[in-house]
Every structure is written in C-alpha cells, then in structure tokens.
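Let me begin by presenting the structure, written as structure tokens, before commenting on it.
Hydrogens, waters and symmetry mates are skipped; everything else that's a heavy atom, side chains included, is used. No experiment lies behind these values; they were computed from the predicted model shown.
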Amino acid sequence: MDISHLDTPSLIADLDAMSINIQLMQERINDLGLALRPHTKAHKIPAVAQMQIDAGAQGICVAKLGEAEVMAQGGIKDILITTPIAGQKKIQRLITLHQGHPDTRFIQVIDDHYHVVEIAKAASAANICVELMIEVECGQQRCGAQVGDALVELIQAIQITDGVSYAGVQAYSGHLQHVKGYCSRNEQARSVVVPLFDFIRSTLEPKGMAPQIISGGGTGTYTAYQGLGYSEIQAGSYLFMDAAYLAIGDETNATKNQQFSPALKVLSTVISQPTPSRTVIDAGMKCLSIDLGMPIVEGREGVRYQTGGDEHGILHHEEGCEIFELGQQVILLPSHCDTTLNNFDTLYAVQDGKVVSQWTIKGRGRSD
C-alpha cells in the first residue's frame with residue numbers, strides 16, 4: 001500500500017537506502033581487513049540482523065541479555081552481549097540461553113572477578129563453558145577494567161577457572177562517536193586505545209594472554225584504528241544514519257556525514273495550524289526520541305521541530321515557508337535511531353513511497 005494509507009505516527013525505513021548502507025559498510029570494513037559485528041540495538045529485529053549477516057557480517061552485538069534472547073530465538077548464531085550482567089537471575093538466564101541454543105555462539109562481556117566466579121559456578125553446574133570478553137576502560141568512564149595489573153589478573157582468573165574461557169577484549173569508546181569533525185574524532189578515538197594495544201604487545205602477548213578477539217569501534221570511528229590490532233568493528237547506526245550521525249562530518253565535509261544515507265524516518269500528520277508560523281503534528285516524545293537533539297523535517301528548509309510534549313510536535317516556520325494543511329503527512333528524520341525505534345512495535349519497509357514489507361520490532365523494550 002501507499003505510505004499515505006499508514007496511520008500515524010508510524011516508523012518507516014527506506015529499504016533501498018538501508019540495503020545500500022548494509023552493503024557499503026560491509027565493503028568498507030572488508031577493505032580495512034577487519035570483521036564486522038554490527039550492533040543490533042540500532043534495529044532490534046532478527047530479520048534485519050540476518051540481512052547484515054547475509055551481506056558478510058560474522059555475527060552481531062546486542063546490548064542486553066533480553067536482546068540476546070530475542071536474536072537467538074530469531075535464528076542468529078553468533079552473538080556478543082556487550083554489557084556485563086550481575087545477580088543470580090541474570091546469570092541463570094545466560095546459562096539457560098546457552099542450553100536452549102547449543103549451536104549458537106554467545107560471548108558475554110565482563111569487567112570484574114565477580115563475573116568470572118559467579119558465571120563459572122553456574123556454568124560448571126550446568127556442564128557448559130561460557131566465553132567471556134573483558135571490557136577495558138577506554139575513556140568513557142562507564143564499565144571497564146583498567147589497563148595494567150588488574151587486566152592481567154582478570155585474564156589469569158578466567159584461564160584457570162573451569163566453566164569459562166577467555167575470548168578477548170572489548171575496547172569501545174562510545175563517548176567519541178559523535179565528536180564533530182572527521183580528523184578530530186579519529187585522532188581522539190585512536191589515542192584513547194593506544195595504551196591498551198601497547199600493553200597487549202608489551203605484556204599480554206609475552207604472557208600468553210593475547211586476545212583472540214579485539215572488538216570495538218562504531219559508526220563514527222570505524223576508520224580510526226588501522227594498524228592497531230582490532231579484529232572486529234561494532235558499528236550499528238550506519239544502518240539508519242540518524243540526524244545526530246548525519247551532523248558529525250566525514251572525510252570530505254566538516255559538518256555533514258555523507259558516508260551513508262538516512263533510512264529511518266517517522267511519518268506524522270498535521271493536526272493543528274494555530275498560526276501561519278506554527279504547525280502541530282501528532283509526533284511527540286512518545287515516538288521521537290530527543291536525547292541527542294531534535295529531529296529534522298525532511299524536505300522542508302526553514303522548518304524547525306520543537307517537542308510539544310508526549311503527544312505533540314511543534315513545527316516552526318521561517319517567513320516565506322510553504323504552509324502545511326490539516327491532515328497533511330510530514331516525514332521526520334529522528335535524532336537517535338536506537339531510542340526512537342524502541343518507541344514502536346512495527347517498522348515498515350518502504351520503496352518508492354509504497355510499503356513493501358513490515359517487521360515486528362521484537363527487541364523493543366528488552367532492556368532486561
């Protein structure tokens with residue numbers, strides 16, 4: 001059907017743009033001699049994850065155990081869980097996930113001896129072995145073991161403990177993904193991980209502790225690490241290219257990132273026109289995430305979006321802009337794809353203005 005027949009607000013994806021983005025990133029990562037492990041928290045849909053794997057990705061990332069359960073149930077066979085877990089209930093869910101999908105590879109990120117001891121205890125009781133990846137602090141000051149003796153001791157603990165095995169390290173600097181300017185962003189992204197790679201060469205390799213996998217990077221920084229030793233890149237937002245990523249700049253433009261095309265959009269309807277300079281639409285904070293800024297109105301120069309609360313969006317017109325009509329549909333580019341997608345149950349795939357497919361966003365709400 002034509003997208004004009006969709007009720008609003010609706011979440012749509014330009015299928016051609018999305019497919020090209022998938023292929024382009026895979027080609028770029030291949031050219032860098034690395035593997036691509038896309039982060040599926042950007043889309044939360046097993047069918048889309050399979051599209052990425054079919055294009056050449058070796059596996060996927062998920063942010064939470066709940067997302068891993070969704071992806072495994074959807075048939076994905078290689079899953080990295082990028083956030084540490086704690087507590088008996090979570091650890092038992094991890095063990096149950098392994099037992100329920102014995103042909104799937106799961107890697108669980110950790111950063112503390114607690115994780116080693118408690119996961120190993122549960123895994124040994126279930127007669128399985130859980131692969132562990134150590135997150136290393138790389139400037140974000142979130143999770144992560146410190147480079148140095150603490151990292152050595154954590155690797156040693158994994159190596160001597162039954163029920164767990166050492167898969168590698170995660171070195172991800174999420175706080176740098178949106179730094180403005182291609183060169184500045186890459187320089188900062190590289191500088192924060194150089195100490196880790198120096199430590200790998202000087203200390204871990206001689207001790208027989210070299211990581212098999214070194215995972216990290218993102219849509220903003222995937223070109224920053226040539227020659228360092230990364231094995232895989234975790235980029236995810238390239239799939240949709242939200243407004244925040246479109247504004248960080250690329251190698252040819254200081255303020256516009258044109259490496260990939262915007263594919264994720266929200267379809268809204270004009271519900272009120274109180275003044276010639278102010279239009280109200282039915283897309284507020286319950287559908288458009290604004291944690292990374294305001295969305296962009298597609299194809300309308302001089303029109304600025306302001307949140308009007310939970311249910312309303314307010315469009316401000318510069319003088320001379322064409323006036324909207326009541327009932328007219330408006331398309332917006334979200335500022336942050338991950339959190340906007342989490343507001344919807346369904347993503348409609350669109351080609352040439354027609355809905356050609358739809359996907360249930362199965363990972364929606366799985367922050368558990």
Roughly how far apart are [X] [atom1] and [Y] [atom2], rounded to 0.5 Å?
X	Y	atom1	atom2	result
Glu251	Asn186	CD	CG	9.0 Å
Asp250	Lys256	CG	NZ	10.5 Å
Ile95	Ser124	CD1	OG	8.5 Å
Met25	Leu36	CE	CG	6.5 Å
Met51	Gln23	CE	CD	10.5 Å
Ile213	Tyr230	CD1	OH	14.0 Å

4.5 Å side-chain heavy-atom contact, [X] and [Y]:
X	Y	value
Tyr182	Gln259	yes
Glu135	Val169	no
Arg300	Glu322	yes
Leu332	Ser268	yes
Asp368	Leu65	no
Val270	Val280	no
Leu341	Leu264	yes
Leu288	Thr307	no

Short question: side chain of [X], backbone of [Y] - any donor-acceptor pair under 3.5 Å?
X	Y	result
Asp112	His115	no
Ser231	Ile214	yes
Gln177	Gly220	yes
Arg185	Lys180	no
Thr219	Ala235	no
Asn257	Leu246	no
Arg364	Asn342	yes
Thr275	Ser277	yes
Asn21	Ser261	yes
Gln306	Gly313	no

Between [X] and [Y], what is the shortest heavy-atom contact and its length?
X	Y	answer
Pro334	Thr340	CB-OG1, 3.6 Å
Ala35	Gln58	CB-OE1, 3.3 Å
Thr161	Ala120	CG2-CB, 3.4 Å
Asp242	Cys337	OD2-N, 2.8 Å
Gly163	Ala123	O-CB, 3.3 Å
Val62	His39	C-CE1, 3.3 Å

Whichever hydrophobic residues join Tyr348 through chains of side-chain contacts under 4.5 Å = Met1, Ile3, Leu6, Ile12, Leu267, Ile331, Val350, Val355

Over 12 non-hydrogen atoms of neighbours within 6.0 angstrom of CG in Asp54 = yes

Should we count CG of Asn127 as having more than 12 external heavy atoms under 6.0 Å?
-> no

Over 60° means perpendicular and under 30° means parallel, so classify the ring planes of His101 and Phe106, tilted if in between.
-> perpendicular

Determine the sole option in His316, Glu325, His317 for which the side chain to side chain donor-acceptor pair (under 3.5 Å) test with Thr279 is passed.
-> His317

Without placing hydrogens or testing angles, list every side-chain donor-acceptor pair under 3.5 Å for residues 69-81, not counting sequence neighbours.
residue: Glu69; atom: OE1; partner: Arg93; partner atom: NH2; Å: 3.0
residue: Glu69; atom: OE1; partner: Arg366; partner atom: NH2; Å: 2.6
residue: Glu69; atom: OE2; partner: Arg93; partner atom: NE; Å: 3.0
residue: Glu69; atom: OE2; partner: Arg93; partner atom: NH2; Å: 3.4
residue: Asp78; atom: OD1; partner: Arg37; partner atom: NH1; Å: 2.9
residue: Asp78; atom: OD1; partner: Arg37; partner atom: NH2; Å: 3.3

For Leu32, all residues meeting side-chain contact (heavy atoms from CB on, under 4.5 Å), sequence neighbours excluded = Ile29, Leu34, Tyr222, Gln226

With Ile45 via side-chain contact (heavy atoms from CB on, under 4.5 Å) - residues at least two apart = His43, Ala47, Val48, Leu347, Trp359, Ile361

Between Gln188 and Ser184, is any side-chain donor less than 3.5 angstrom from a side-chain acceptor?
-> yes

Using only heavy-atom distances, determine whether the side chains of Gln26 and Gln52 contain a donor-acceptor pair under 3.5 Å.
-> no

Should Ser215 and Gln170 be marked as a side chain to side chain donor-acceptor pair (under 3.5 Å) after you check the CA-CA gap, both sets of side-chain angles, and the distance that decides it?
-> CA-CA 5 Å; Ser215 187; Gln170 176 172 277; 5.2 Å; no

Could you walk me through whether Ile128 and Val130 pass the side-chain contact (heavy atoms from CB on, under 4.5 Å) check?
-> CA-CA 7 Å; Ile128 63 173; Val130 176; 4.3 Å; yes

Donor-acceptor list for residues 290-299 side chains, cut-off 3.5 Å, not counting sequence neighbours:
residue: Asp291; atom: OD1; partner: Ser289; partner atom: OG; Å: 2.2
residue: Asp291; atom: OD1; partner: His336; partner atom: ND1; Å: 3.4
residue: Asp291; atom: OD1; partner: Thr339; partner atom: OG1; Å: 3.1
residue: Asp291; atom: OD2; partner: His336; partner atom: ND1; Å: 2.7
residue: Glu298; atom: OE2; partner: Lys265; partner atom: NZ; Å: 2.7

When clusters are formed by joining ILVMFWY residues with side-chain heavy atoms under 4.5 Å apart, either directly or through shared neighbours, do [X] and [Y] land in the same one?
X	Y	value
Leu333	Val266	no
Leu132	Leu204	yes
Ile20	Leu15	no
Ile53	Leu24	yes

Is the NZ or CZ atom of Arg190 both under 6.0 Å from the centre of the six-membered ring of Phe197 and within 45° of that ring's axis?
-> no

Donor-acceptor pairs under 3.5 Å, side chain of residues 138-160 to any protein atom, not counting sequence neighbours: which ones?
residue: Gln140; atom: OE1; partner: Gly174; partner atom: N; Å: 3.0

Going through the distances and angles, do Glu67 and Lys41 end up as a salt bridge (Lys or Arg N to Asp or Glu O under 4.0 Å)?
-> CA-CA 8 Å; Glu67 292 177 350; Lys41 68 185 179 71; over 6 Å; no

